[in-house]
Number of protein chains: 2
Amino acid sequence: MTDDQDTTGQDTTGQDTSGGAAAPPSSSTPQDGGELLRLDRQLCFALYSASNRITRLYRPLLDKLGLTYPQYLAMLVLWERSPRTVGELGDALDLDSGTLTPLLKRMEANGLVARRRDPADERRVIVELTDAGAALREPALSVPVTLACHFALPLDEVGPLRDRIKALLPPEKP
Amino acid sequence: MTDDQDTTGQDTTGQDTSGGAAAPPSSSTPQDGGELLRLDRQLCFALYSASNRITRLYRPLLDKLGLTYPQYLAMLVLWERSPRTVGELGDALDLDSGTLTPLLKRMEANGLVARRRDPADERRVIVELTDAGAALREPALSVPVTLACHFALPLDEVGPLRDRIKALLPPEKP
DNA sequence: CTCAATTATATTGCGCACAATTAAATTTGG
DNA sequence: CCAAATTTAATTGTGCGCAATATAATTGAG
């Protein structure tokens, strides 16, 4: 192994942008707009990969609380205000019922939330924290702190970066 | 440490959890630290949600190519250099064999790649683009352009934002 | 050469994400 | 008042992501 002809980091991690035709030896394609398809230039892949990595970083912390990362996000919403409909949860998390229904059922099976139909409108399902679910907030307080230690970014840049990412994609309201 | 990353005033929505009055904080939790758990302050949720949304934006474009977004990412890697082992693909995409093996089998079933054992080292599996897979590069060139139209960000800020995100989490190499 | 350790991929099981569909309750129009 | 349209969840089916485990090939020590 290590045969590895080339590949190594000849790809200028920085941003040369503007191409400039640095004589790329693409043996196959005649003349592409290949810069556009380079993985290391993709903002979307950076987001996708960062999201995957974050889930992996949360896992050991959340295992101790008996939560997955999406479940933890649902708990964040419920800790802010507890009786919520599935729809409100979906709006807050930008997830649909196909994701939330089984997730909430698992959380119910674990004793963190209770689910019941809204008597005033039987189409809706109300999700409410149990005492155990509310009590989990206390040990969860250390999670963001611990996770922030993995960020290779000064704390005062976290807020601006978050706001840039939030502004990147306008909210869909179909 | 890290009391909170601040960013402008603390009440954005003004939604109050209880009675709607001026929030007597003494009622529920003793001393909160609750700012840390607010969903709208979470950098990680911003990344998670942006990643989900991006996958949804890619879907209609990639459906026309017969690809999912993770499959498209694998194709980006293979379009850069085609015979690759599964391990090299996993390194490039930061995904493990449990994800890649079935993904590559589906791509093989769709005629985009061929998979074969490396004769020099039978433990490895070599993945190579088929002619159809290589030909798909051409129509894929328009995908990044079309997708970039959804970004609510000036083009000259895309590169810096991407690099910030890439720098956020140091690469794991265990 | 032999057997243990290492390496590379595959398999299994669980939990998301989401499109498409279904089902039930509510609202609305005639 | 009733039937059609709308709203809200749940269900179904596909495709990731990843931990844990299994399997097979290569390497390495004696």
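Protein chains get the first letters and strands the later ones, always in sequence-line order, with residue 1 at the start of each.
Toward the 5′ end of DNA chain D lies the nearest nucleotide of A:Arg123, the other residue of the pair A:Arg123 and A:Thr99 mapping further downstream. Nearest-nucleotide assignment on DNA chain C puts the 5′-proximal partner with A:Gln71, out of A:Asp118 and A:Gln71. Across the interface with DNA chain C, nearest-nucleotide mapping of A:Gly98 and A:Pro119 shows A:Gly98 to be the residue nearer the 5′ end.
Taking atom CZ of residue A:Phe45 and atom C1' of nucleotide D:dC16, one finds them 15 Å apart after rounding to whole Å. Taking atom CG of residue B:Leu73 and atom P of nucleotide D:dG17, one finds them 9 Å apart after rounding to whole Å. Rounded to a whole Å, the CG atom of A:Leu95 is 14 Å from the P atom of D:dA10. Straight-line distance from the CZ atom of A:Arg59 to the P atom of C:dC16: 10 Å, rounded to whole Å. Taking atom CG of residue B:Leu57 and atom C1' of nucleotide C:dA19, one finds them 15 Å apart after rounding to whole Å. Distance CZ (A:Arg53) to P (D:dC18): 10 Å, rounded to an integer number of Å. The OH-C1' distance, from A:Tyr48 to D:dC18, rounds to 11 Å in whole Å. In this structure, the CG atom of B:Leu93 is 16 Å from the C1' atom of D:dG15, given to the nearest Å.
Close to D:dC18, at under 4.0 Å from its OP1 or OP2, lies a side-chain N or O of A:Arg56. The side chain of B:Thr101 places an N or O atom within less than 4.0 Å of a non-bridging phosphate oxygen (OP1 or OP2) of C:dA10. Regarding contacts with the backbone of D:dG15, every side-chain N or O of B:Tyr69 stays at 4.0 angstrom or more from both OP1 and OP2. Contact annotation: B:Arg115 reaches the phosphate of C:dA10 (side-chain N/O to OP1 or OP2, under 4.0 Å). Taking side-chain N and O atoms only, A:Arg106 has a distance below 4.0 Å to OP1 or OP2 of C:dC16. A close approach under 4.0 Å does occur between a side-chain nitrogen or oxygen of A:Thr68 and OP1 or OP2 of C:dC16. The side chain of A:Lys105 contributes an N or O atom lying less than 4.0 Å from OP1 or OP2 of D:dT11. Taking 4.0 angstrom as the limit, A:Thr85 places a side-chain polar atom (N or O) nearer than this to OP1 or OP2 of D:dA9.
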Stepwise salt bridge (Lys or Arg N to Asp or Glu O under 4.0 Å) check, A:Arg56 with B:Asp94: CA-CA 11 Å; A:Arg56 290 198 292 267; B:Asp94 198 11; 2.6 Å; yes

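If you check every strand for non-hydrogen atoms under 4.0 Å, A:Asp96 touches a base.
Proximity of a side-chain donor or acceptor of A:Asn110 to a complementary backbone N or O of A:Leu112 within less than 3.5 Å is not detected. Side chain of B:Ser51 to backbone of B:Tyr48: no donor-acceptor contact under 3.5 angstrom is found.
Taking every heavy atom of both residues into account, A:Ile165 and B:Ala50 meet most closely at CG2-CB, 3.9 Å.
The side chain of A:Leu103 sits closest to C:dC16 out of C:dC16, C:dC18, D:dC18. Side-chain proximity of A:Ser97 to D:dT11, C:dA19, D:dG17: nearest is D:dT11.
Taking 4.5 Å as the limit, some side-chain heavy atom of A:Phe151 sits within range of a side-chain heavy atom of B:Leu43.
By the neighbour-count criterion of 12 heavy atoms within 6.0 Å, atom CG of B:Asp63 is densely surrounded, having more than that number from other residues, nucleotides or ligands.
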